[in-house]
Amino acid sequence: MKLIFDPKQIQKNPVKAFDVFRNQITRNINSSKTLNQKSFYAELGEIGDAFVAKNRLQEMNKKSNGLAEFLVSKGYNNLAGTVYSFLIKLNANNPEEVEKLATKGLAIAKRYNDPVHIMARANDLRKIYSQTDPNSEKLLKILYIEKRALVSICKNYESSKNRYKTMEREMKPLENYEILLGKVKLQIAQFLKDKNKPQALDELTGAIEILNKYEMKNLLESAEKVLTEMNSYN
């Protein structure tokens with residue numbers, strides 16, 4: 001079922017608009033009607049923009065978190081993931097909030113085995129931890145989660161596209177995911193070069209192979225620097 005909304009009313013009173021939006025969703029779910037994902041995302045976006053315009057982002061966060069938890073409880077994990085994905089974009093300037101949202105979104109993406117969204121949420125967390133906890137085990141854990149998702153995407157690109165449930169955009173070309181895999185493998189190598197040289201070398205070799213394929217000169221220079229540092233330990 002397609003959700004019906006009035007952009008003018010949303011701008012006028014976003015709080016009321018959100019409540020109406022949630023009530024529509026609840027009624028459709030309770031009556032076992034299929035929700036139109038495109039209209040779901042469109043209205044969510046309109047409402048979010050209206051909250052931001054009125055400087056009430058935290059209220060939007062609270063209400064949307066509640067909606068996402070409701071969707072999860074009803075088994076609509078893909079729509080809940082969409083809510084978290086949207087909120088991450090809306091809170092891009094608030095790393096603490098993004099960390100909370102991305103952690104929840106990652107759990108949902110794992111639940112319905114969507115490697116693209118697993119990668120996206122892990123990528124959100126990797127960016128945060130690279131700044132706040134660059135030497136932490138939680139960063140390494142996230143790097144490996146992102147790496148595994150990227151390997152899955154690159155090996156099974158077409159089937160990944162079939163599981164990619166989103167309203168924002170189409171999947172990116174395979175090249176994008178392969179390059180990102182090279183970057184992640186390079187970062188793992190940088191992390192492990194002083195802790196686990198054999199594993200670091202394995203990751204670095206894979207990174208260099210990918211980065212050579214796409215002639216990523218700046219990243220190749222970084223990879224060669226890591227390799228030189230590792231060789232100097234002998």
Side-chain angles (χ1 to χ4, degrees), residues 81 84-85 88-89 92 94-161 163-164 171-234:
Y84 287 126
S85 180
I88 286 167
K89 294 180 178 68
N94 186 344
E96 186 176 343
E97 188 67 29
V98 169
E99 180 182 2
K100 295 175 185 176
L101 294 165
T103 299
K104 292 178 180 178
L106 177 59
I108 291 171
K110 285 181 174 180
R111 193 174 301 161
Y112 62 91
N113 192 29
D114 183 338
V116 180
H117 279 110
I118 291 172
M119 177 277 302
R121 300 292 75 83
N123 192 50
D124 292 327
L125 291 168
R126 175 173 64 86
K127 289 177 181 177
I128 293 171
Y129 298 152
S130 294
Q131 294 295 320
T132 61
D133 297 289
N135 299 309
S136 67
E137 287 300 315
K138 67 179 180 181
L139 171 59
L140 183 61
K141 180 180 178 181
I142 285 296
L143 283 166
Y144 276 119
I145 289 172
E146 186 172 5
K147 174 194 159 184
R148 286 192 293 270
L150 284 163
V151 168
S152 176
I153 293 166
C154 293
K155 285 185 176 179
N156 309 286
Y157 182 70
E158 291 302 321
S159 61
S160 294
K161 284 178 74 172
R163 291 198 300 272
Y164 183 49
M171 259 185 78
K172 294 176 182 177
L174 176 59
E175 173 183 342
N176 294 62
Y177 299 104
E178 289 187 336
I179 291 173
L180 183 54
L181 176 59
K183 292 178 180 178
V184 169
K185 288 175 77 68
L186 173 56
Q187 189 170 352
I188 293 173
Q190 289 170 324
F191 189 101
L192 292 176
K193 63 184 175 65
D194 300 321
K195 303 174 182 179
N196 187 335
K197 185 176 176 180
Q199 184 63 37
L201 185 59
D202 183 64
E203 298 292 350
L204 190 60
T205 301
I208 290 173
E209 182 180 345
I210 295 169
L211 299 174
N212 263 321
K213 177 181 178 180
Y214 293 105
E215 299 180 348
M216 307 297 291
K217 294 182 179 180
N218 290 339
L219 289 170
L220 279 168
E221 288 177 4
S222 297
E224 291 296 339
K225 182 180 178 182
V226 174
L227 186 58
T228 299
E229 291 173 351
M230 290 173 62
N231 288 335
S232 70
Y233 300 155
N234 294 330

Would you indicate whether the side-chain heavy atoms of [Y] and [X] approach each other to under 4.5 Å?
| X | Y | result |
| --- | --- | --- |
| L139 | R126 | yes |
| K213 | I210 | no |
| D124 | L101 | no |
| E203 | L186 | no |
| V116 | Y177 | yes |
| L125 | I145 | no |
| L227 | L201 | yes |
| N176 | P173 | yes |

Nearest-0.5 Å distance that lies between atom [atom1] in [X] and atom [atom2] in [Y]:
| X | Y | atom1 | atom2 | value |
| --- | --- | --- | --- | --- |
| L219 | K185 | CG | NZ | 14.5 Å |
| E158 | M171 | CD | CE | 8.5 Å |
| K147 | I188 | NZ | CD1 | 5.5 Å |
| N123 | K183 | CG | NZ | 9.0 Å |
| I179 | K172 | CD1 | NZ | 11.0 Å |
| L140 | N135 | CG | CG | 11.0 Å |

Above 12 or not: heavy atoms from other molecules or residues under 6.0 Å from [atom1] of [X]?
| X | atom1 | result |
| --- | --- | --- |
| Q199 | CD | yes |
| K138 | NZ | yes |
| K155 | NZ | no |

The single option from T205, L211, L204 passing side-chain contact (heavy atoms from CB on, under 4.5 Å) against I208: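 The passing option is L204.
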Where do [X] and [Y] come nearest, in terms of heavy atoms and distance?
| X | Y | result |
| --- | --- | --- |
| C154 | L181 | SG-CD2, 4.4 Å |
| R121 | G105 | CG-C, 3.7 Å |
| Y112 | H117 | OH-ND1, 4.0 Å |
| G182 | A207 | O-CB, 3.5 Å |

Under 3.5 Å side-chain donor-acceptor pair for S130 and Q187: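 A pair is found: one side chain offers a donor N or O, the other an acceptor, under 3.5 Å apart.
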Verdict with reasoning, V98 to K127, per side-chain contact (heavy atoms from CB on, under 4.5 Å): CA-CA 10 Å; V98 169; K127 289 177 181 177; over 6 Å; no
[X] side chain vs [Y] backbone, donor-acceptor pair below 3.5 Å:
| X | Y | value |
| --- | --- | --- |
| T132 | I128 | yes |
| K197 | M230 | yes |
| N156 | S152 | yes |

